[in-house]
Each structure stands twice: as structure tokens, then as C-alpha cells.
Colleague: 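A single structure is presented below for examination.
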Amino acid sequence: MTQADRDRLERLNSMLKRRGIILPAFEIHGGAAGMYDFGPLGGRLRNKVNQIWLNHWLSQGDIVEISCPTVTPFSVLEASGHVGEFSDFVISCLACEQASRADHLLEDIHPNPDSLSMEELANEIASKNPACPDCGAVEWGQIEAQNLMFSTTLGAGSSGRQAFIRPETAQGMFTNFPALYRHFRQRLPFGAVQVGKGYRNEISPRQGMIRLREFNMAELEYFIDPEENSKHDFSKWSTMKFNLVPDSSDTINTTIPQALDDGIIRHPSVAWFMASTAELLFHMGIDASKLRFRQHESTEMAHYASDCWDAEILGSYGWIECVGIAHRGCYDLEAHENYTGQRLRAWRDWPEPVQSKRTLVTIDGSTAGPAFRSQAGAVKEALEKMDAPPTTYPFKLTLSDSSIVEIQQEHVKIEDIDETINGEWFTPHVVEPAFGIDRIIWHLLDHAWNEEEKNGEQYSVLSLSPSVAPIDAAVLPLMEKDGMDELALNLHASLCSMNGIQSSHDASGSIGRRYARADEVGIPWCITIDHQSLDDGTATVRRRDDQKQIRCKIEDITLHIRDGKMNSLFE
RNA sequence: GCGGGUGUGGUGAAGUGGUAUCACCUGAGGUUUCCAACCUCAUGUCGUGGGUUCAAUUCCCGCCACCCGCACCA
């Protein structure tokens, strides 16, 4: 970063703070690193970005929105792998209160203490009794997981259950898989999204809003059948070229369908989400020339992922990863299924049912039951495990507890079973686009903020897309007399009463100053009420981006603002 | 986490062992009336906690935050 860039960044941050867009959190208490407040303008900006994001995906028709708690029981995040990946286990010496890493205590005792679960560590410490490295005592308290996830307790005191505040929203989509599968009437593909906060206790939050301890995320999990060719319509993007940075070569400039055909993007659903993500980012106001997609190296990719592309946006801090689009395979559903024993699968009908014949060897309960009594269950198990049906009777059968019993023919039932199998249960694969909302908001602001020179003075304009601008229009009475102010206040009130529209009323200072104030926070339209407005119900509209003015009927202005079609007035 | 730098009204700065000055911004009144005009008045500051001192915004120490390296990190 050059000194000029640094200075610009400083001026931008000071504007964001001064105008109530983004401010350091809890500042009157000295602040808290890695946390920001969205102020009176920023709060609305964030909400509009979230809404656009939601509408974009929900409009697909096969994607639904859910919302899950941020406080998440320990087991959920242990199943997902976060406890192992994100945590260290800490245990305190009851004698000297010094906290130690539990796995470090077992270093000389256990070959690989790093791999142990929390319970295993507790058991190992209880049985091996390592001494406290500080005071030598052997009295250990409760083991606790600690580190990048914020730890908390569900319930009070010692009966409380350990939990974390979620490090990502994704797990809620996985734990809700059965409800989602049912909602979509058991038919893939489908997706679920969640917009909300995520928390990571970063060692060192840096770079403004780029690395936060509490952050806004928006994640989509799209569940697909790995054996069915995903059909996606790429026609919208057949000519639009993107900068792609594949794992094995230099940046290429090509279309997404082409990269898919060339095998650079490895899965059609990943490609489709890349294209759709780009469209969404452009709609919000990201500069198209400052977007690229970078493929994860196979070494940096999480072990379960088969392809992962980051959408990176160029801003004051360089290329920053703002969206990750990962093909996660069946990892997550399988992990929760293995941990809980609940079925997290979808059913696939085969094109043709399969007939299968098999021979079932089991006990005849009516004879074997009385004969073997309490051993009957074990006999059944052993019989069913036999490689081939018995041919001679009686014969000796070894049970799982090594005891040997003699089996008569009357104890055995042999059945030939004809089965028709119509399909199978399988674990769906998932493609996950995960958005860092704060990082996107930062880049929207960074790209939109332009410093210009105007009549020898520094002049700054925030050219936010009207789709995200916190304030839709400013109403400016040229003078506060002769009824102009009243007319302006009425217009202001009627604009604010429209769904989703916010206006600002500003009557102080010269008109030029008021335009400047509006430009600085990105208000796209200024409506000026003057003498003529009183006579014929018209007003002037000034367009932020080229300062062009037109005059038209006030009713037309409000209707066009409501419909987001103001530009058409200028044509 | 380590090393370096920085914290003075909303913003940007000046300054001091004896409670702080300036510009812009903001607000009120006047004037003007379509791109930061002008006049008068007003609000508002030494990041935080401790120490030294008769007295600390100033000196010392801790903490917090921000910036820059390094390290760590989906």
C-alpha cells in the first residue's frame, strides 16, 4: 500500500465515522478490536445488502430461508469438525490455578495427544495423572475447549452444557436437513440460506472490516444428487468474460461456461454459483473490473472439498476473499449422520427396479427359543453370519462369546427371499457459496467513494448503487418560506411512508452545500422544491452521478422513486 | 502473539507541569437563493486506569484502540 492509498483510506474511514456509516464499536468504553457498529446510515446499508442477497437466491424458487440460534451445543460443532479444527483444550491446575493445554500435558505419555477428543483427553488425564508443569501438583479441574470459537454455557453452574457461539451459519442448514428434505417433498436439488452473525475470536483482527470477531455472513447450502448431471442454464453468461485464477496456471480471461467445458471449473453447480454470484455482486455495485475468481490450491483446500473458488474483490487492502464457493461433497451430512446416528440422506429411485434373490439363514424362534433361552439372540446372530447355509445336522456353532452350541435342523429356518429393490439412500453432495457480508459492504463503499476537485475544493461523492443506498432521496426546499418548507415536509413524509423508501429533509445552508452533504453519503436523487413548485406542482431532480437536473411533476417523482426507475426520467 | 508508530471537540490539526488554541463541521438567528457564499451567536475536546507532584492533557507505568511490519489464521 502506498502512502497515498493510506491517506485515502484514512480520509474514507473518517468520513464513514463522521457520517454514521461505520464506527468502531463501544467506542465510549475504549472500543473493542474486531467489532464495528453500523450507524444510522450503515445499519440501513447492511440491511439492504442482506435483502438483495436474500431476494437474489430466493428468486431461484428452490431455495428457502431458515434461521437458527447462534448459540450452538458443543456436540454440533464437534461433529462438524470445528472443535478439533478451531479449539485447543485447556485444563486448570486446582492447586496453582495455572491453565495448561490438555494435549501438552500428555505429550510424553501419549503418541498423538493432538488427535484426542475432549472426552478422551479427560479420561487420559484422569488415568495417567500428569503433574502440573508449574507447581507439580496432580489435581486437575474441568477440561475446557478454548480458542477461536467463543465459548459459553447452556444452563447454569455445573449442570450447564458446554456450547459455542457459532463460527459460521452453515451448520444450521445441515442439522435441518431432514426438515428441508421433507419441505421439498423429498426431491433434490434444493437449497437453504441463512443470513446472520458468525463469531470467531481472532487472535489479531486487522484491516478494518476485513477480519472481524463478530461478522455478518450469508451462506447457502445447495444439496444435489452427485450422480445426476446438474442442469444449469448458462445462457445469460455465454459471452461475459471473467478473470479466473486456476490453481495450476496464470490468470485467464474467459467465460464461465467455457472454463467449465475446459475442465478448469470442475463442477457445473460450482460454475453456476460463480456466475450467479458475480451477477449479484455487480447488481450491488461491485466494480466488474475489480472482481476475480481464484481457485484454491489442492493443498489449501479442506480435505473434503473437491473444488473451491473464492470471489476476490480488489480494494484498498488488495485482493480480498469475499465469497467462497466450495463443493463440499458429502462431508457435512455424513459427519452429522455418523455422530448422531440420524439418517441425513435422500432417496434415489433407480430407473429399473432390481430383483434380488438371497437366502436367509436364521433361527426358527419357536424351537430355538426354548432350546437356547438366553443365548437365543446370540445364536441368531451367529447363524445369520454364516457364509453358506449349513448342510449337515447337528453341527457345532461358535457364538460371539466363544461358547459353542449344538444346532439341530429344527432350530434352523432357511428362506429364499425374492426382493425388488427400487432405489437407494445416498448422502447428497453440497455446494456452498459463503458470503462475508461485511467484506462486501466494505468494498461497495471503497469502490463507490470518489474524491474529486470541485472549484478548487476537495469534493467527495459516494456513488453507491441506488439498490443499496441507505437514503433514496433528499428533499430540499430552496428556501424555508412562502410554503416551500411545508411542501417539502409533505413530500418527505410521503416518501418515507412508502414501503422500503427513506428520504432525508435538509433545509439548512445553501443549496450547493446541501447537494454536497447528500453526495457525500451517496443519496442518488435530490429533489428541490422552489417557487415554481408552489405554482405548478413540479420540482427539480438532480442526479448524483452527473449532477444533471430535470424538472417534472412531484407525483411522477414519487412514483419513479417507489419503482426504482428514476433514471428513466432523464432519458 | 512479537516489534515499531500514533491517540487533543464530530473531522483535521496546534500547544503546555498551573484545566487548552485554530480551521472546518454541526446548531440558532439574519442575509442570499439551484452546486460547500456571507455576518452574529452557540454547543462541544486532552483514549483509559494507576503512579509521581501542591498541581498531570503534559513526566512514568499498565490497559484499550488505531496504523505499519512479522507471525498466526477459513
Colleague: What integer number of Å spans the C1' atoms of B:rG18 and B:rA55?
Modeller: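 About 7 Å, rounded to a whole number of Å.
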Colleague: For A:Arg514 and B:rC35, what is the distance between atoms CZ and C1' respectively, to the nearest whole Å?
Modeller: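 Distance, rounded to whole Å: 11 Å.
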Colleague: Going by atom types only, do A:Ser504 and A:Arg514 share a side-chain donor-acceptor pair under 3.5 Å?
Modeller: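 Judged by distance alone, the side chains do not pair up.
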Colleague: Nearest whole Å is fine: how far is B:rC66 C1' from A:Lys17 NZ?
Modeller: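 Between C1' of B:rC66 and NZ of A:Lys17: 9 Å.
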Colleague: Give me the distance, rounded to whole Å, that separates B:rC22 from B:rC59 when you measure between the C1' atoms they each carry.
Modeller: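 It works out to 27 Å between them.
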Colleague: Mind calculating the distance between CZ (A:Arg211) and P (B:rA71) to the nearest angstrom?
Modeller: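 After rounding, the gap between these two atoms is 13 Å.
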Colleague: Which is true for A:Asp519 with a 4.0 Å heavy-atom rule: it touches a base, it touches only sugar-phosphate, or it touches nothing?
Modeller: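 Counting heavy atoms under 4.0 Å across all strands, no contact is made by A:Asp519.
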Colleague: Between B:rG12 and B:rC67, how far apart are the two P atoms, rounded to whole Å?
Modeller: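 Approximately 13 Å lies between the P atom of B:rG12 and that of B:rC67.
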Colleague: Can you check the distance between B:rC70 and B:rA13, where both ends of the measurement are the C1' atom (answer in whole Å)?
Modeller: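 32 Å, rounded to whole Å.
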Colleague: Answer yes or no: is there an ion pair linking A:Arg513 with A:Asp506, defined by an N-O contact shorter than 4.0 Å?
Modeller: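 Between A:Asp506 and A:Arg513 there is no salt bridge, as every charged N stays at least 4.0 Å from the carboxylate O atoms.
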Colleague: Just call it for A:Arg439: base, sugar-phosphate, or nothing, with non-hydrogen atoms closer than 4.0 Å on any strand.
Modeller: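 The residue A:Arg439 makes base contact.
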Colleague: In terms of side-chain heavy atoms of A:Leu478, which of B:rA36, B:rG27, B:rC34 is nearest?
Modeller: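 Comparing B:rA36, B:rG27, B:rC34 against the side chain of A:Leu478, the answer is B:rC34.
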Colleague: Measuring only the P atom in each nucleotide, how far is B:rU40 from B:rU19? A whole number of Å is fine.
Modeller: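 That atom pair is separated by 29 Å.
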Colleague: Step through the shown structure and confirm whether more than 12 heavy atoms of other residues, nucleotides or ligands are within 6.0 Å of NZ on A:Lys565.
Modeller: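 Count not over threshold, so no.
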Colleague: Can you measure A:Met484 atom CE to B:rU33 atom P for me and round it to whole angstrom units?
Modeller: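 Result: 11 Å.
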Colleague: For RNA chain B, what string of dots and brackets results from 5' to 3' when Watson-Crick and G-U pairs need both distances under 3.5 Å, crossing pairs get [ ], and pairs with another strand get |?
Modeller: (((((((..((((....[..)))).(((((.......)))))....(((((..]....))))))))))))....
Colleague: Please classify the nucleic acid contact of A:Gln549 as base, sugar-phosphate, or nothing, using heavy-atom distances under 4.0 Å.
Modeller: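 Base contact - A:Gln549 has a heavy atom under 4.0 Å of at least one base atom.
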Colleague: Determine the contact category for A:Thr540: base if any of its heavy atoms lies under 4.0 Å from a base atom, sugar-phosphate if only primed atoms, P, OP1 or OP2 are that close, otherwise nothing.
Modeller: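 Counting heavy atoms under 4.0 Å across all strands, the contact made by A:Thr540 includes a base.
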Colleague: Let me know the distance between CZ of A:Arg200 and C1' of B:rC72, rounded to the nearest Å.
Modeller: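 About 14 Å, once rounded to whole Å.
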Colleague: Using heavy-atom distances to pick each residue's nearest nucleotide on RNA chain B, tell me which of A:Glu480 and A:Met35 is more 5'.
Modeller: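 The residue whose closest nucleotide sits nearer the 5' end is A:Glu480.
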Colleague: Considering only nitrogen or oxygen atoms on both sides, find all protein atoms under 3.5 Å from nucleotides 61-65 of chain B and state each distance.
Modeller:
residue	atom	partner	partner atom	Å
B:rC64	O2'	A:Gly30	O	2.6
B:rA65	OP1	A:Ala33	N	3.1
B:rA65	O4'	A:Gly30	O	3.3

Colleague: For B:rC38 versus B:rG49, give the span between their P atoms, rounded off to a whole number of Å.
Modeller: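 Nearest-Å result for B:rC38 against B:rG49 at atom P: 40 Å.
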Colleague: Would A:Arg294 count as a cation-pi partner of A:Trp319, with NZ or CZ less than 6.0 Å from the six-membered ring centre and within 45° of the ring normal?
Modeller: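 A:Arg294 over A:Trp319 ring: no.
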Colleague: Please work out if A:Glu10 contacts a base, only the sugar-phosphate, or nothing of the nucleic acid, heavy-atom cut-off 4.0 Å.
Modeller: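 No contact.
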Colleague: Does the pair A:Arg266/A:Asp247 count as a salt bridge with the N-to-O cut at 4.0 Å?
Modeller: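 Answer for the salt bridge query: yes.
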Colleague: Which whole number of Å gives the distance between the C1' atom of B:rC46 and that of B:rG17?
Modeller: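 Approximately 14 Å lies between the C1' atom of B:rC46 and that of B:rG17.
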Colleague: Could I get the full list of side-chain contact (heavy atoms from CB on, under 4.5 Å) partners for A:His336, not counting sequence neighbours?
Modeller: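 Scan of A:His336 (side-chain contact (heavy atoms from CB on, under 4.5 Å), adjacent residues dropped) gives A:Val76, A:Ala79, A:Ser80, A:Gln171, A:Phe174, A:Thr175, A:Leu344.
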Colleague: Any donor-acceptor pair under 3.5 Å linking the side-chain atoms of A:Tyr459 with those of A:Asp519?
Modeller: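 Side chains of A:Asp519 and A:Tyr459: pair found under 3.5 Å.
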Colleague: Is any NZ, NE, NH1 or NH2 atom of the basic residue among A:Arg8 and A:Asp446 found under 4.0 Å from an Asp or Glu carboxylate oxygen of the other?
Modeller: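 Yes, A:Arg8 and A:Asp446 are salt-bridged.
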Colleague: Counting only heavy atoms not in A:Glu486 (residues, nucleotides, ligands), do more than 12 fall under 6.0 Å from its CD?
Modeller: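 Counting other residues, nucleotides and ligands, CD of A:Glu486 stays at 12 neighbours or fewer.
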Colleague: Measure centre to centre between the rings of A:Phe570 and A:Trp525, then say whether the value is under 6.0 Å.
Modeller: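 Here the rings of A:Trp525 and A:Phe570 have centres that are less than 6.0 Å from each other.
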Colleague: Taking only side-chain N and O atoms of A:Arg513, does any of them lie within less than 4.0 angstrom of OP1 or OP2 on B:rU26?
Modeller: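 For A:Arg513, the contact criterion (side-chain N or O under 4.0 Å from OP1 or OP2 of B:rU26) is met.
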Colleague: When all nucleic acid strands are considered with a 4.0 Å heavy-atom cut-off, which category describes A:Gly208: base, sugar-phosphate, or nothing?
Modeller: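 Sugar-phosphate, no base atom in range.
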Colleague: Side chain of A:Arg18, heavy atoms from C-beta onward: which of B:rA36, B:rC34, B:rU11 has the nearest atom to it?
Modeller: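 Out of B:rA36, B:rC34, B:rU11, the nucleotide with an atom closest to A:Arg18's side chain is B:rU11.
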Colleague: Over how many whole Å does the gap from A:Asp530 atom CG to B:rU32 atom P extend?
Modeller: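 Atom-to-atom, A:Asp530 to B:rU32, this comes out as 17 Å.
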Colleague: To the nearest Å, how far apart are A:Asp506 CG and B:rA36 C1'?
Modeller: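 In whole Å, B:rA36 C1' and A:Asp506 CG are 12 Å from each other.
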Colleague: Can you check side-chain hydrogen bond (donor to acceptor under 3.5 Å, both in side chains) on A:Arg551 and A:Thr538, steps first, answer last?
Modeller: CA-CA 6 Å; A:Arg551 173 173 284 277; A:Thr538 62; 2.6 Å; yes
Colleague: Can you identify which nucleotide, out of B:rA74, B:rC72, B:rU33, has its nearest atom closest to the A:Glu321 side chain?
Modeller: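 Minimum distance to the A:Glu321 side chain belongs to B:rA74.
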Colleague: For atom C1', what is the distance between B:rU57 and B:rA14, given to the nearest Å?
Modeller: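 Pairwise C1' distance, B:rU57 against B:rA14, rounds to 14 Å.
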Colleague: Starting the side chain at C-beta, find the nucleotide from B:rC34, B:rU11, B:rC68 nearest to A:Arg6.
Modeller: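 For A:Arg6, the side-chain atoms sit closest to B:rC68.
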Colleague: I'd like to know if the side chain of A:His56 and the backbone of A:Ser276 have a donor-acceptor N/O pair within less than 3.5 Å.
Modeller: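 Yes, A:His56 side chain to A:Ser276 backbone: donor-acceptor pair under 3.5 Å.
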Colleague: Would you indicate, yes or no, if B:rU33 has its OP1 or OP2 atom less than 4.0 angstrom from a side-chain nitrogen or oxygen of A:Ser510?
Modeller: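 No, A:Ser510 has no side-chain N/O under 4.0 Å of OP1/OP2 on B:rU33.
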Colleague: Send over the distance from A:Gln458 CD to B:rG12 P, rounded to a whole Å.
Modeller: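 Whole-Å distance recorded here is 13 Å.
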Colleague: Checking understanding here: a glycosidic angle within 90° of 0 is syn, the rest anti, so what is B:rU33?
Modeller: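 Glycosidic conformation of B:rU33: anti.
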Colleague: Considering only side-chain heavy atoms of A:Thr528, which listed nucleotide, B:rU33, B:rC73, B:rC34, is closest?
Modeller: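 Nearest to the side chain of A:Thr528 among the choices is B:rC34.
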Colleague: Does a side-chain N or O of A:Arg517 approach OP1 or OP2 of B:rU26 to a distance below 4.0 Å, or not?
Modeller: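 Checking B:rU26 against A:Arg517, a side-chain N or O does come within under 4.0 Å of OP1 or OP2.
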Colleague: State whether A:Lys454 places a side-chain N or O below 4.0 Å from either non-bridging phosphate oxygen (OP1 or OP2) of B:rC35.
Modeller: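 For B:rC35, neither OP1 nor OP2 has a side-chain N or O of A:Lys454 closer than 4.0 Å.
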